[in-house]
Amino acid sequence: MAETSHASAHQTGHAPHAEGTRRDFLYLMTGAMGAVGTAAVAWPFIHQMNPSKDVLALSTTEVDLSPIQQGQAITVMWRGKPVFIRRRTEPEVQQANAVNLGDLPDPQADSARAQRPEWLVVVGVCTHLGCVPLGTKATDPKGEFGGWFCPCHGSHYDSSGRIRKGPAPKNLEVPTYTFLTDTRIRIG
Amino acid sequence: MVGLHNSDIKNPTLRWIDQRLPLISLMQNEYAKFPAPRNFNYWWNFGALAMVNLMIMIVTGIVLAMHYTPHTAFAFDSVERIMRDVNYGWLIRYIHANGASMFFIVVYIHMFRGLYYGSYKAPRELLWILGVVILLLMMATAFMGYVLPWGQMSFWGATVITNLFSAIPIVGDAIVTWLWGGFSIDNPTLNRFFSLHYLLPFVIVGVVFLHVVALHITGSNNPLGIEPKGPQDTVPFHPYYTVKDTFGMCVYLMVFAFLVFFAPNYLGHPDNYIPANPLVTPAHIVPEWYFLPFYAILRAVPSKLGGVLLMFASIFVLFLLPWLDTSKVRSARFRPVYKWFFWLLVVWCVILGYCGAKPPEGIYVVLSRLGTIYYFAHFLIILPVLGKLERPLPLPESIAQAVLGGGGRMPAGAVAKPMEKA
Amino acid sequence: MRRLVIAAAAALSLSAVAAPQPALAAEATVAPPAQNWSFGGLFGTFDRASAQRGFQVYKEVCAACHGLRHLSYRHLGVLGFSAAEITAIAAEYKVPDFDDDGQPIERDARPSDRFRSPFANEAAGRAANNGAYPPDLSVIVKARADGANYLYALLTGYGNPPAGMQLGEGMHYNEYFPGHQIAMARPLNDEQVTYADGTANTTSQMSRDLTTFLAWAAEPEMEDRKRMGVKVMLFLLILTGLMYASKRKLWSDLH
């Protein structure tokens, strides 16, 4: 039936070709509108899984640095991840500065990583596959370069948190932080 | 005997798959080529709309479950957090909440369409019964979903409805305690309701699948209530009905969107924005609007057990409908007397709904009782008797003749032009 | 098409009939008169200046007894408060926390903290208020039928009881409270709050501002919702028109 009526429509149409074009255009418009609508509907359902406003509001942490002795390091939580804060000794800072940048897998000067040489603040997540490297506690192995050592796949970081050996591609990430006072920082 | 499915798909990759797993053939046969009577009116859109609505509910529900906390101490707060802090959380929650109302509007219209055009009659009895099963599952799902925000109406609605089971002699109290998992509606109840509220929609999907399978065995009924006799009486489902259903869906979405964006709490109850309080019962407990007719039947009877039994019976009588209606003619178009009783049923259902929202006193009790009497009389007395007494109008010879010959009510004799049979 | 219109009308009338009626409409409840709100209608938005003044009224008067626990101080940014102002507002409150050694302390609230509730829990609230619990106001406008009008009517509805009416101990007469007896004493009096912007601080003006603020607190998504709603409706209108034209075109073959 559908076929016979198609035929009759073409017979009765004054200009079958123009009629067909107009029809195609209408269907195309309708289809395009429908596609646009469907795409627009998808966004809220995707975006709902992004961090909600209350989660974003908790994205800063303040840390009191006064209890940390030279050569010590602490771990604080920031956005659900560990942040290492190390109060470096003079030799550690010198060691960090003495490296030839050309030898580094991810070249970065120590001065670009520490706002004040004494304090190193890095996100404690290995840039390889997300493990937490050892080296913060006094009893931890610090790796071959006196910084951190990731036990999962053997990445070695130096006293500036830079990758020196192993599979990790990048240096330990430095979060945005500001010194509120000499002994207080805000991370994030 | 094993062998590859005989696929007629041209694309070699798709053909390779279709020969082994003939999903594409299945879809083509059941949704594209599937011959549907050519004379559906817009009331036939509501089955597809119900399907769309079910999908909307499942998608928004899965998303809400990502942010909701099923614990009495956090449930209300987590819902407010969804409204305030989750990205587009307000949109998704309002779609879900109003989607429940839209679902019942669509399904009730779908059912009344079935009643008007006799879609429950042989050979579609099982199709209808599966539909009633879906309605029951929807009611259970909607009821448990309404408990989850843990507002006053959630709590007291749950208390009242679960207490219905205490009307059962001897084991009633034990059943209620079992439903609650305690001695009142509390955290264990909320947890199990959340679990079941998540599960039941997928059970509904399963029964909907069976509903569609049964539909594709018997084929659709149509406004004339006569079976298609050949290809001249049908059109392929795609594109004719996919396009028509999509148009209907757009209209439905406009109603839906208006509720969601401009009157999101219109169908809700303000008391459900008061956190649940086991010590204070709201002055006036009303269920969601879609339960109101049943609620009126429950309260129409001055006996606890009687009210509960009648309420459940009002749904279970629908299971028997295919055998209660003795008329051989399906469509009310050709049943001049039934047509009036049908509209009387609609009016009484609306009145019952109105009474369900009112306090159980005075005129509302009287109307509830009259409505209850009519409701049961309609199914148990009028339909069996009417089928024997009524003189139906003559049926058209075929769908094509009625449609193309002009007007659906054409008497059987007046044939405009003879249609060739295929 | 005609049938579709009937279907829509049927659906709407069904829902209209079934719409929840105000509880016990006949008994001792007076319907609040409708006010003209900045946030009413299909395009309404919250009057920011009014809402800010309303926040001041809440802070200086209501907050002594009523919480606003679903809001965080950071939410005030939407009303036009700057980040510095919000930090200052938050710092006026102490919230419980733990120090690094796990000892309970009270520290200054931060913008990310929830509004501090005046009572630790409902029982404490009742004990301090003669047995009547001052409800949290976060969603109060959604939690009452005709919420904004009701709230305004309640705040301005105090007066002397009609002759012959016996008020309970510690109760106050209010025309719009269900039962006309309310435990809360008249909260707002003329000139009680001093507005920085010089707006007249009459009871009705303060009530109006407070209601605007609480309407925002209950439905902070309302402006986004209506704005998106207008776009969605226009889009659907066009799509429906196109769909109808396509359907007509397609089916014209068959008739």
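To find a chain, count down the sequence lines: A is the first, B the second, and so on, and within it residues start at 1.
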query = Under a 4.5 Å heavy-atom cutoff, which of C:Glu221, C:Lys142, C:Met243 has the most pairs with chain B?
reply =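 The candidate making the most pairs under 4.5 Å is C:Lys142.
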ask   = Among C:Leu250, C:Leu71, C:Leu237, which has the most heavy-atom pairs under 4.5 Å with chain B?
value =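 Maximum pair count with chain B is reached by C:Leu250.
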Result of checking B:Phe155, B:Phe74, B:Phe76, B:Tyr273 against B:Trp150 for ring-ring contact (aromatic ring centres under 6.0 Å, His included) =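 Result for ring-ring contact (aromatic ring centres under 6.0 Å, His included) with B:Trp150: B:Phe155.
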Given C:Phe81, C:Trp216, C:Phe46, the one that forms ring-ring contact (aromatic ring centres under 6.0 Å, His included) with C:Phe55 =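 Going through the options one by one, the only one that passes is C:Phe81.
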Which answer fits [X], side chain, backbone, both or neither, if we ask what part of it has an atom under 4.5 Å from a heavy atom of chain C?
{"X": "B:Val346", "result": "neither"}
{"X": "B:Leu91", "result": "side chain"}
{"X": "B:Asn272", "result": "neither"}
{"X": "B:Pro275", "result": "side chain"}

ask   = Pick from B:Gly89, B:Gly151, B:Pro264, B:Ser101: which one has the most heavy-atom pairs with chain C under 4.5 Å?
value =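 Greatest number of close heavy-atom pairs with chain C: B:Pro264.
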Heavy-atom pair count under 4.5 Å with chain C, highest-scoring of B:Ile274, B:Leu253, B:Asp85, B:Val260 =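 Greatest number of close heavy-atom pairs with chain C: B:Asp85.
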Salt-bridge criterion met for C:Arg48 and C:Glu223 (N-O under 4.0 Å) =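 Yes.
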Report which part of [X] has an atom under 4.5 Å of a heavy atom belonging to chain B: side chain, backbone, both, or neither.
{"X": "C:Arg248", "answer": "neither"}
{"X": "C:Ile140", "answer": "neither"}
{"X": "C:Ala217", "answer": "backbone"}
{"X": "C:Asp146", "answer": "neither"}
{"X": "C:Val230", "answer": "both"}

query = Hey, would you say the B:Tyr108 and B:Phe104 ring centroids sit under 6.0 Å apart?
reply =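 Centroid distance B:Tyr108-B:Phe104: below 6.0 Å, so yes.
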inquiry  = Under a 3.5 Å threshold, yes or no: a donor from one side chain and an acceptor from the other, between B:Tyr252 and B:Asn53?
reply    =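 Side chains of B:Tyr252 and B:Asn53: pair found under 3.5 Å.
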key: Any donor-acceptor N or O pair under 3.5 Å, side chains B:Asn222, B:Trp44   =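 Result is no, nothing qualifies.
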task = Compare every heavy atom of C:Pro178 with every heavy atom of C:Tyr150, then report the nearest pair and how far apart it is.
result =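 For C:Tyr150 and C:Pro178, the tightest heavy-atom pair comes out as OH-CD, 3.6 Å.
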request  = Can you label the angle between the B:Tyr42 ring and the B:Phe247 ring as parallel, tilted or perpendicular, going by 30° and 60°?
outcome  =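 B:Tyr42 and B:Phe247: perpendicular rings.
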task = Could you tell me how the ring of C:Trp37 sits relative to the ring of C:Tyr152: parallel (under 30°), tilted (30 to 60°) or perpendicular (over 60°)?
result =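 Correct class here is perpendicular.
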